[in-house]
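What follows is a single structure, written as structure tokens, with notes after it.
Read the numbers this way: they start at 1 and go in the same order the structure lists the ligands and their atoms.
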Amino acid sequence: MKMKICVLPGDGIGVEIMAQAEKILGRITEVFGHEIEIDYGLIGGAAIDEKGSPLPTDTIEICRNRDAILLGAVGGPKWDEIDKSIRPEKGLLGIRKEFDLFANLRPAILFPELKDASLLRPDIVDKGIDLLVIRELTSGIYFGEPRGEEIRNGQRVAFNTMIYSEDEIRRVAKVAFEAARKRAYRVCSVDKANVLDVSQLWREVVIDTAKVYPDVQLNHLYVDNAAMQLVRDPSQFDVILTSNLFGDILSDEAAVITGSLGMLPSASMGQKKPDLYEPIHGSAPDIAGRDLANPLATILSVAMMFKYTFSLDKEARAVEEAVQKVLAQNFRTGDIMSPGMIRVGCNEMGELVVREIG
Ligand code: NAD
């Protein structure tokens, strides 16, 4: 297969982790006989420094005709005082908007080798954590109108609007059902249908969408219960489908129960390519440039790319299994280090994973 990818390293540890991801891409294409074309672009602070904008138009153009974008991270203290309208994070929001990436996929996986890092009780962790939160990303209360602040009866009031159209719900629900077919065939839709009208519509449309996926089991939870179930027994979940606001909160909760920020990948998808893959962590300016970063979240983002953009399940599995083997051999970067383990840097971790592929 011929793959066209755009790499946007961004800032801080972005450059170091992306170099490891590229090694994995090279190894997989070599072992499985694919062809890959990689282009590079600037985003975030690096783009501000060179082009005066966190998302220059030539970056958008480079990404436009690609199958997937691989992004490191953006931001850092150097740009903290800069004019709000061109902050590095605007690059991220801009690219999501430009390509209408309405579905955000965040797996929370706990590798058995890292179970000590989890914040949950061992008996809960022993049941395993391997779930995927799918959050609607471009609508809902973060974008709804009217919004604002005004004076009513002599005092300030502020308001936002949680709004979804049938189409917006249906398209993200489809992503969830399709993703479930690549996993354990179960979707849990999370809403607040006992209180919110918008959630009632959400639930109706999800139920209707499910009719085309009779092989996928669907259930529903109210968001307060879902938040509780995630810490009580995360092993019950396969795919969690939810709206922008609820997904923002639940995906962070799901991430934190695994205990290791440096291990978690993500994907954002629209109705057409390119899809976007990135680790969930930031640019970690405190450790940038010192070969200390954990590249595994980025490497696992590459695995997600193989699975979801290219439907190359064997290649995705090869990457995931290589990561697991390296962890089983007790190699750890500083962020996941524990007594008795072997400490390695970002570059060596990348090399070790490459060695285990093929
Ligand atoms: P962060 O995720 O960058 O770092 C939080 C802590 O986790 C730090 O101690 C860091 O060293 C550690 N860490 C993060 N990723 C790691 C990795 N791969 N390996 C080892 N340790 C890792 O969050 P922050 O410190 O709140 O933000 C730093 C900058 O990143 C800010 O400018 C912020 O705006 C930006 N940010 C960007 C993104 C993104 O690009 N998607 C996301 C979050 C924050």
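Near Asp335, meaning under 4.0 Å from one of its heavy atoms, ligand 1 places the atoms 19 (N), 20 (C), 21 (N). Residue Leu92 has at least one heavy-atom neighbour below 4.0 Å for each of these atoms of ligand 1: 39 (C), 40 (O), 41 (N). Ligand-side atoms of ligand 1 in range of Gly75: 32 (O), range being under 4.0 angstrom from any heavy atom. Taking a cut-off of under 4.0 Å to the non-hydrogen atoms of Ala293, the atoms of ligand 1 that pass are 19 (N). Below 4.0 Å from some heavy atom of Ala73 lie the following atoms of ligand 1, by number and element: 40 (O).
Side chain to side chain, Asp167 and Ser165 fail the donor-acceptor criterion of an N or O pair below 3.5 Å. No side-chain donor from either of Asp11 and Ser283 sits under 3.5 Å from a side-chain acceptor of the other. At a cut-off of 3.5 Å, with distance as the only test, no side-chain donor of Asp291 or Asn347 sits close to an acceptor on the other residue. Between the side chains of Gln229 and Asn225, at least one donor N or O sits under 3.5 Å from an acceptor N or O.
Between Lys78, Glu89, Glu278, it is Glu89 that holds the heavy atom closest to atom 33 (C) of ligand 1. Evaluated by nearest non-hydrogen atom to atom 23 (O) of ligand 1, the leading choice among Cys346, Gly76, Gly282, Gly10 is Gly282. Comparing Ile13, Leu261, Ile336 by heavy-atom distance to atom 16 (C) of ligand 1, the nearest is Ile13. In this comparison of Ala284, Pro279, Gly44, the heavy atom closest to atom 12 (C) of ligand 1 sits on Ala284.
Taking the ring axis of Phe159 as reference, the NZ or CZ atom of Arg152 stays within 45° of it and closer than 6.0 Å to the ring centre.
The protein reaches atom 3 (O) of ligand 1 closely, with a heavy atom under 4.0 angstrom from it. Put simply, atom 25 (O) of ligand 1 has no protein non-hydrogen atoms near it, under 4.0 Å away.
For ligand 1, the polar-atom distance check finds no N/O of Asp80 at less than 3.5 Å from any of the ligand's N/O atoms. By the 3.5 Å distance cut-off applied to N or O atoms, Ile280 is not counted among the residues near ligand 1. Taking distance alone, with nitrogen or oxygen atoms compared against 3.5 Å, Val74 approaches ligand 1 more closely than that limit.
Salt bridge status for Glu98 with Arg64: present, with a side-chain N to carboxylate O gap under 4.0 Å. In this structure, Lys4 does not pair ionically with Asp67, as no charged nitrogen and carboxylate oxygen lie closer than 4.0 Å. With respect to the salt-bridge test (charged N to carboxylate O, under 4.0 angstrom), the residues Arg135 and Asp252 do not qualify. We find that Asp233 and Lys127 are joined by a salt bridge, their nearest charged nitrogen and carboxylate oxygen being less than 4.0 Å apart.
For the pair Ser283 and ligand 1, a heavy-atom separation below 4.0 Å is found.
Contacts with ligand 1 closer than 4.0 Å are made by side-chain heavy atoms of Pro285 only, the backbone lying farther away. At a 4.0 Å heavy-atom cut-off, ligand 1 touches Ile287 through the side chain alone. Counting heavy atoms under 4.0 Å from ligand 1, residue Ile17 does not touch it at all.
In terms of protein heavy-atom proximity, atom 17 (C) of ligand 1 is closest to Asn294 N, 3.6 Å. Taking atom 11 (O) of ligand 1 as the reference point, the nearest protein heavy-atom neighbour is Asp286 OD1, 2.8 Å.
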His34 and Glu315: CA distance, side-chain angles, deciding distance, side-chain contact (heavy atoms from CB on, under 4.5 Å) verdict | CA-CA 10 Å; His34 301 299; Glu315 288 77 347; 2.6 Å; yes
Candidate pair Tyr142 and Glu136, rule side chain to side chain donor-acceptor pair (under 3.5 Å), full reasoning | CA-CA 11 Å; Tyr142 292 172; Glu136 198 291 324; over 6 Å; no
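Ala180 and Val216 get closest at one heavy-atom pair: CB-CG1, 3.8 Å.
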